[in-house]
Each structure stands twice: as C-alpha cells, then as structure tokens.
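Letters go in sequence order (proteins before strands), and every chain restarts at 1.
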Protein chains: 2
Amino acid sequence: MSAPNAYAAACPSRLVLDRVADKWTVLLLGVLARRTTRFNQLRRDIEGLSQKVLSQTLKNLERDGLVSRKVIPTVPVTVEYSITPLGATLASKMEGLLRWAEAHSGEIAKAQARYDAADA
Amino acid sequence: MSAPNAYAAACPSRLVLDRVADKWTVLLLGVLARRTTRFNQLRRDIEGLSQKVLSQTLKNLERDGLVSRKVIPTVPVTVEYSITPLGATLASKMEGLLRWAEAHSGEIAKAQARYDAADA
DNA sequence: CAGTATCCTTTATGATACTG
DNA sequence: CAGTATCATAAAGGATACTG
C-alpha cells in the first residue's frame, strides 16, 4: 500500500484526522486518560457538552477503538468509559494541544484585538 | 486572573481549542510550517479544501496571530502566507497529531470493522 | 443512570459568478 | 492571482420528551 498522506482527500488518514481534530474529542480523551469515568460524570466534567453530542462522540471513539465501554448490570445500569492503549497514544498528543491552548489563549486574544483594531 | 481551563465553557482557552482543533487548520499549519506559500498553492496542496473555506480559515489564523499575510504588488497581485513564531509553536503540536493519524489509520480501520461486525 | 428519538434552529459548506 | 458575494443545501447542534 502507499504511504498514508493526510493531504490527499481520499486517504484513510484524512478521515482519521477529521474525526480526531475535534474539540470534544480532545477534552474527552483528556479526562479519560486520567481515569475511567461514567457517562453522566463526563457530562459534568466537560461544560457545554450536551448529552446528545457526548453520546455520539463516545460511540465514535468506541468504534475507532480509542475508548472502551463497560456495562455494569446494577439497577439502574452503570456504564464506565476507559481509554484504550491506542487511545492513550493519541491522548498524549491531545494533551499537548490542550496545554498549548491554555498557555497561549492570552496571546491569541491580544492578536485578535490588534487585528480588529487595525481594520477600521 | 484564574488559571485557564479548557474544561470550563467560558474560558478563553476553550475558544482557542475550538478554533485550533480543526482538520483544515492542522493541514494548513503543516504546510506553512515548512514554507511560505501562496493562496492558490495552498489550495492545490490540500486536496478537498475549497476556496471559500481556505479563505475563511486563513483569515482566522491571521487574526489569531498564527499566520501572517504579505501582499506583493505585482500584476496580478501575489499574496504570501507564512507561519508566525507563535504559529510555529502550535504547528509542532499539530504535526504530532497529523503523524499520529497517518500512523494509526490502519489500526482504526480495523477497529471500525470489528465494531461494525459485532453489532448485527 | 444511561441513553434514544424527534423536532427544529443554527452553522457550515458547496457551487457559481464576479472583481481589483 | 487572490479573493468576495450570493444563493442553495446539507450537516451539526440544542431542547425536549421518553425508555430499559
């Protein structure tokens, strides 16, 4: 097979990038990299993440083999989400991104203010 | 000020993450980290990226201080886009993500096939 | 608790045509 | 060449209600 190249539209790695370059995925893997967490706890951990989008995102992550889902048959049911070994390798890249965003948000806000002031 | 925390909806770093966790931004900074590039060359370099979305994305990146735009008054006009020092610090994180996507697309495809086969 | 289903609104993207 | 403007469509997301 040819080398994966995300710059080519049809390359599988492009699909992966599209899935993975997502705000909620970054935040979700950030939580799960630290601890196994239940559905509603994830909702509380990540402000602004709706139940619907959380549900979808987790399903995608599970399908991609990045997160695993464990159902514990209590009443009512308990569901635990954990990161997989593959997911953990991604999470470390994500954490870099997350920390970058936190470290540079001030500089970016300043750049935006400068830009907005420059045009009339 | 309090510590930036992207898990809080109102935190500026959340906005940054949202902007930056984007497929086109990853690919674009990947190109610009290597060389200053002109508008239409960027279009050709990144398959599937429309003129409209390229234009929008570049404008955002410029506003955020991650990319700089230089107009050269030839006829017709030439416009060169380069990465800024701030953008370069982000690009190195992005490259990690990009390479991860390329390195693991096969594993992910397999995980998806397994998942899809499992549910009937 | 951990979801799914539905409806409805808001965003994003695509195609096309036009300009300095 | 490097865009902008406009229109049309598709996709994403929020609110609400309901279920095992």
* Asked: Can we say B:Asp45 and B:Arg35 salt-bridge, meaning some charged N sits less than 4.0 Å from an Asp/Glu carboxylate O?
  -> yes
* How many Å lie between CD1 on A:Ile46 and C1' on D:dG13, as a whole number? -> 16 Å
* Could you check B:Tyr81 against A:Val53 and say which one's nearest nucleotide on DNA chain D is further toward the 5' end? => B:Tyr81
* To do: Send over the distance from A:Asp45 CG to C:dA2 P, rounded to a whole Å.
  => 12 Å
* **N/O (side chain, B:Arg43) to phosphate O (OP1/OP2, D:dC1) under 4.0 Å** => no
* So, is B:Arg69 near the phosphate of D:dA2, with a side-chain N or O under 4.0 Å from OP1 or OP2? -> no
* Side-chain N or O of B:Arg38 closer than 4.0 Å to phosphate OP1/OP2 of D:dC1 -> no
* Inspect the contact between B:Arg34 and B:Glu95 and indicate whether a charged nitrogen and a carboxylate oxygen are less than 4.0 angstrom apart. => yes
* Between B:Gln56 (CD) and D:dA2 (C1'), how many Å, whole number? -> 15 Å
* Non-hydrogen atoms of A:Cys11 and A:Pro4 that approach each other most closely -> SG-CA, 3.7 Å
* Rounded to whole angstrom units, what separation is found between the CG atom of B:Leu42 and the P atom of D:dC1? -> 13 Å
* To do: May I have the distance from A:Phe39 (atom CZ) to D:dT19 (atom C1'), rounded to whole angstrom?
  => 14 Å
* C:dG14 - base-pair partner by Watson-Crick or wobble geometry, distances under 3.5 Å -> D:dC7
* **Side-chain N or O of B:Lys52 closer than 4.0 Å to phosphate OP1/OP2 of D:dT6** => no
* **Distance in angstrom units between A:Asp22 CG and D:dA11 C1', rounded** => 14 Å
* Where do A:Ala21 and B:Lys23 come nearest, in terms of heavy atoms and distance? -> CB-N, 3.8 Å
* Asked: Does the side chain of B:Ser55 get closer than 4.0 angstrom to OP1 or OP2 of D:dT4 through an N or O atom?
  -> yes
* Toward the 5' end of DNA chain D, by each residue's nearest nucleotide, A:Val77 or A:Gln51 -> A:Gln51
* State whether the number of non-hydrogen atoms from other residues, nucleotides or ligands found under 6.0 Å of B:Lys93 atom NZ is greater than 12. => no
* Asked: Taking a pair as Watson-Crick or G-U wobble with both distances under 3.5 Å, which nucleotide is matched to C:dA2?
  -> D:dT19
* Asked: B:Leu49 CG to C:dT13 P: how many Å, rounded?
  -> 10 Å
* Asked: Side chain of B:Arg44: nearest nucleotide among D:dC1, C:dG14, D:dT4?
  -> D:dC1
* Just how far, in rounded Å, is P of C:dA2 from NZ of A:Lys70? -> 14 Å
